[in-house]
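See structure below.
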Number of protein chains: 2
Amino acid sequence: MAHQAVQELIGLLPDGVVITGPDEIEKYREDFAHDGSAGTPIAVVRAESAEQVQQTVRWAAEHRVPVVPRGAGTGLSGGSSAVDGGITLCLERMRGVEIDPACQVAIVEPGALNVEVKRAAAEHGLWYPPDPSSYEICSIGGNLATNAGGLCCVKYGVTTDYVLGIDVVLADGTQVSLGGKRIKDVAGLSLLKLFVGSEGTLGVITKAILRLVPAQTVGATVVSSFPSMTAASRAVVAIRTLLRPAMLELMDNPSIRAVEEWRSHGLDGAAGALLIAQSDAPDAACAAEVELMRRCCEEAGATEAFTTTDPTEAELFVSARRNAFHALETRGSVLFEDVGVPVPLLPDLVDGVAAIAARCEVEIAVVAHAGDGNTHPVIVYDGTDPACVDRARKAFEEVMALAISLGGTITGEHGVGRAKKGALPDQLGEEVMALTRRVKDALDPDGLLNPGAVL
Amino acid sequence: MAHQAVQELIGLLPDGVVITGPDEIEKYREDFAHDGSAGTPIAVVRAESAEQVQQTVRWAAEHRVPVVPRGAGTGLSGGSSAVDGGITLCLERMRGVEIDPACQVAIVEPGALNVEVKRAAAEHGLWYPPDPSSYEICSIGGNLATNAGGLCCVKYGVTTDYVLGIDVVLADGTQVSLGGKRIKDVAGLSLLKLFVGSEGTLGVITKAILRLVPAQTVGATVVSSFPSMTAASRAVVAIRTLLRPAMLELMDNPSIRAVEEWRSHGLDGAAGALLIAQSDAPDAACAAEVELMRRCCEEAGATEAFTTTDPTEAELFVSARRNAFHALETRGSVLFEDVGVPVPLLPDLVDGVAAIAARCEVEIAVVAHAGDGNTHPVIVYDGTDPACVDRARKAFEEVMALAISLGGTITGEHGVGRAKKGALPDQLGEEVMALTRRVKDALDPDGLLNPGAVL
């Protein structure tokens, strides 16, 4: 039965679009979360056009086959883990990027990488701000699915703030266009915003119109060393009450050491924490912001505060921060957290995470988009030792519970996917879960779109 | 039957909350659109608390009584026009505003005026940017319902960009909390964003957590006179490709004259169009922005470009722009448009509107949040002359059709309400209308929330 349906799908689409060989589909089973939930799809569709996406979803609706949409597979929550008996609908071949400089928008297919949009925009002196650390390898489709954030979001906002329009294929295969090149539009419900961040559970986005802004010029970068994460996070709180820096990123000592051991970036391996702050204010305003940030750092106990206006030197520190996940992955098995709290509670969060690490006897390295109160505690553990795995899982749950208890969130930018869905009801409560279910059922009554993710 | 139900409602709530006297309820029948659709409610509930809102909505669900939520009643699309046999649920008494300066948020009840939030924030050196022209008299609840914009949105975005959390009473009387004081949160569907802009059709917002930013300092205001709207709108397009001004507002000659006749603001009544541009960039960057804007205006044919750094002088021009609606209302009956197009098509839109005015033999004055491509053609006509009324209605429809034909929207910030719902399917198309209906039905299966608005 399933075999017959797959044969029909293969016949519907051009040669090579549908793949079914076990070796070929293996790399489409998991995303970067390796959350252990991944099944084996009956086929992987590497769609080349919106029309092929529609044909695939129509076929899936007819045969009641689950569809897992997938971008570049760099997700950190298992949002694109394959499901047994389903298909994985991969958008990696739909890579078109077109810039409309007059309207200051990019018209982008979902498989285009974030960096490709940035590069295309830059050719016209324009900038697409959202910048996940994985911006060089993650796709816009995945960014839209998770409402991705990044390093510049503290000043420039997240993905949803830049989406003016989308084409989306609904569960029954209908394609609709929402929004457009106009900047303001309140005609009808905000359906566009509902699809952004829906992690492939409501539809498959086949095109996006993204707002661009004038290119950014970073003026100065301040790198401060602190004896502890507590001290550094107090500096963050102080800075955020005074100004909106263009970047405010935090690394703890285990992250610093992991990055340095993986590849030297010239960081101080003895520092308890490192805070990387940037100003893109012009001229004297930049100097004023730098001065304020330095003073906040010194008053919070920074042992050193180093300022550079050299973009190459700055990029060394920023790339150290971006490389932290990768460096930590080389040290063992990892569980990625993405918890966020109101900014003033950042010190409570980092202290609480340290307590959980001690109690559960696991190493938890912390990097953070600190200016947004969004932290990434990364639990590093020995995946071959069952007792260690249990302790790591326990710590993973406790960090999410801690964030919720501080009025925070279990995920600031990675999405719930499959890795965090157990904790979602704890954050949202029964009534919001029921409301979520009503919206999901209205848009995907047969539950075929990314089943097992989020809900 | 209805009488008995109303008696029950009166008994449920404290004295004075429910009013039913014909004279008393008269002022709650219409909003500023005076769209002619307003019926007579069986009661008006002036709720004092979220609990009373819940009690009222639960009662309405039980008795299947339609509920029209209402803020300050300053809407321009008939979104809070009363319906026969329904109740109007007015939030004007729920005026609480609390500032959390550490988290940089305002916790606001829906009846609080926009200006009250701005003032409370300013006491802490903070700023709530969204600024509809009616900011001194419109409520935050209404702003949330329509996803209101304003003058500073060209640089600072619209209401939805500042909403971190809401409490909302659903159609069955359940109250849910969405979001919170954390800045980034992608846990679950973006339900929060779905409620913003839903014009009271999905729930009644009883509290909002609004993001604040450091107070703005306007550096300079450039006021330029043009021989025509076409020339001025070309200057707008040029400016928007070079920078993001803090304000970019346009008035045509009929608007200028109407304002001057109503109350002199010192505007040049002979100018074909007036463009008011502001920069809030610091120091030399401000001077550079001013220079760029002046040059764009001169190259587009400005006959004069006057710059001031005096806030009082600047406010005179800005208030002239804000007062345009009010001044035009004194000249006859009015129909308010709110159409938007991609910015480069602004000249086409203003030329098209002029052609419609000529063809339909009506006066159409145009003011615009020009930097966003969002214009307000105001049709001024003799409401006592049936032929004139017909021509005005025809022009109203034609302006919306023009915007749609240019890839634009029938409403950029006022909402669809009842006045524009006839044109909504023309913009969205059948499939998006069906999708909208599915979401509406999932959240309000009995269709009791603001029936007749939007859909």
Side-chain angles (χ1 to χ4, degrees), chain A residues 102-103 146-147 149 153 158 160-161 170 174 176 178 180-191 193-194 196-198 213-214 241 243-244 281-285 340-344 372-374 407-413 415-416 424 427-428 431-432 435-436 438-439 441-443 454, chain B residues 102-103 146-147 149 153 158 160-161 170 174 176 178 180-191 193-194 196-198 213-214 241 243-244 281-285 340-344 372-374 407-413 415-416 424 427-428 431-432 435-436 438-439 441-443 454:
Chain A
C103 287
T146 57
N147 186 17
C153 301
V158 294
T160 195
D161 301 320
L170 305 177
T174 310
V176 295
L178 301 170
K181 291 184 181 178
R182 57 258 180 193
I183 295 170
K184 286 164 71 185
D185 186 357
V186 300
L189 297 177
S190 303
L191 298 173
K193 297 275 188 188
L194 178 63
V196 178
S198 65
V213 297
T241 62
L243 70 145
R244 280 185 96 165
D283 318 318
V341 291
V343 176
D372 282 324
N374 180 203
T409 178
I410 59 171
T411 175
E413 56 179 19
V416 173
L424 187 62
Q427 178 179 332
L428 299 188
E431 285 163 344
V432 176
L435 182 63
T436 305
R438 275 152 69 185
V439 173
D441 289 348
L443 268 63
V454 186
Chain B
C103 287
T146 57
N147 186 17
C153 300
V158 294
T160 194
D161 301 320
L170 305 177
T174 309
V176 295
L178 301 170
K181 291 183 181 178
R182 57 261 180 191
I183 295 170
K184 286 163 70 183
D185 186 357
V186 299
L189 298 178
S190 305
L191 298 174
K193 297 274 189 188
L194 178 63
V196 178
S198 65
V213 297
T241 63
L243 69 146
R244 279 183 96 166
D283 317 320
V341 292
V343 176
D372 283 323
N374 181 202
T409 178
I410 59 170
T411 175
E413 55 179 19
V416 174
L424 188 63
Q427 179 180 332
L428 299 187
E431 286 163 344
V432 176
L435 183 63
T436 305
R438 275 152 71 186
V439 173
D441 289 347
L443 268 62
V454 186

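Hydrogens, waters and symmetry mates play no part in the numbers below; they use all other heavy atoms, side chains included. The sequence lines fix the lettering, A, B, ..., with proteins before strands; numbering per chain opens at 1.
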**Study point:** Top of B/Gly408, B/Ser198, B/Gly415, B/Gly197 for chain A proximity - count of heavy-atom pairs under 4.5 angstrom
**Key:** B/Gly408
Review point. B/Val213 versus chain A, heavy atoms under 4.5 Å apart: side chain, backbone, both or neither?
Key: side chain
Check your understanding: Could you state the interatomic distance from CG (A/Leu435) to CG (B/Leu170), rounded to the nearest 0.5 Å?
Key -> 5.5 Å
Practice item. Name the region of B/Gln427, side chain, backbone, both or neither, that has any atom closer than 4.5 Å to a heavy atom of chain A. Key: side chain
Revision key, fill the gap. One option among B/Val432, B/Leu428, B/Val439, B/Val196 has the most heavy-atom pairs under 4.5 Å with chain A, and it is B/Val432
**Study point:** Pairing residues for A/Asp185 by the salt bridge (Lys or Arg N to Asp or Glu O under 4.0 Å) criterion, not counting sequence neighbours
**Key:** A/Arg182
Practice item. Sequence neighbours left out, what passes side-chain hydrogen bond (donor to acceptor under 3.5 Å, both in side chains) with A/Thr174? Give chain and number order. Key: A/Asp172
Review point. Do A/Val186 and B/Thr146 come close enough that some side-chain heavy atom pair is under 4.5 Å?
Key: no
**Study point:** Heavy-atom pair with the smallest gap, counting every atom of A/Ile410 and B/Ala187
**Key:** CG1-CB, 4.0 Å
Study note, to complete from the structure: Taken to the nearest 0.5 Å, the spacing of A/Glu431 CD from B/Leu178 CG works out to 11.0 Å
Practice item. Identify which part of B/Leu443 has an atom lying under 4.5 Å from any heavy atom of chain A, answering side chain, backbone, both or neither. Key: both
Point to revise | Residue, of A/Pro342, A/Gly373, A/Cys153, that accumulates the most heavy atom pairs under 4.5 Å with chain B | key: A/Pro342
Review point. What part of A/Val454 lies closer than 4.5 angstrom to a heavy atom of chain B: side chain, backbone, both or neither?
Key: side chain
Exercise for review: Hey, could you give me the CG/CG distance between B/Leu189 and A/Leu194, rounded to the nearest 0.5 Å?
Suggested key: 6.0 Å
Revision key, fill the gap. side-chain contact (heavy atoms from CB on, under 4.5 Å) with B/Ile183: of A/Val343, A/Asn374, A/Thr409, A/Val158, only one passes, and it is A/Val343
Practice item. Going by the side-chain contact (heavy atoms from CB on, under 4.5 Å) test, name the single residue among B/Asn147, B/Asp372, B/Thr411 that passes it with A/Lys184. Key: B/Asp372
Exercise for review: First locate atom CG of A/Leu191, then atom OG of B/Ser190, and finally report the distance between them rounded to the nearest 0.5 Å.
Suggested key: 12.0 Å
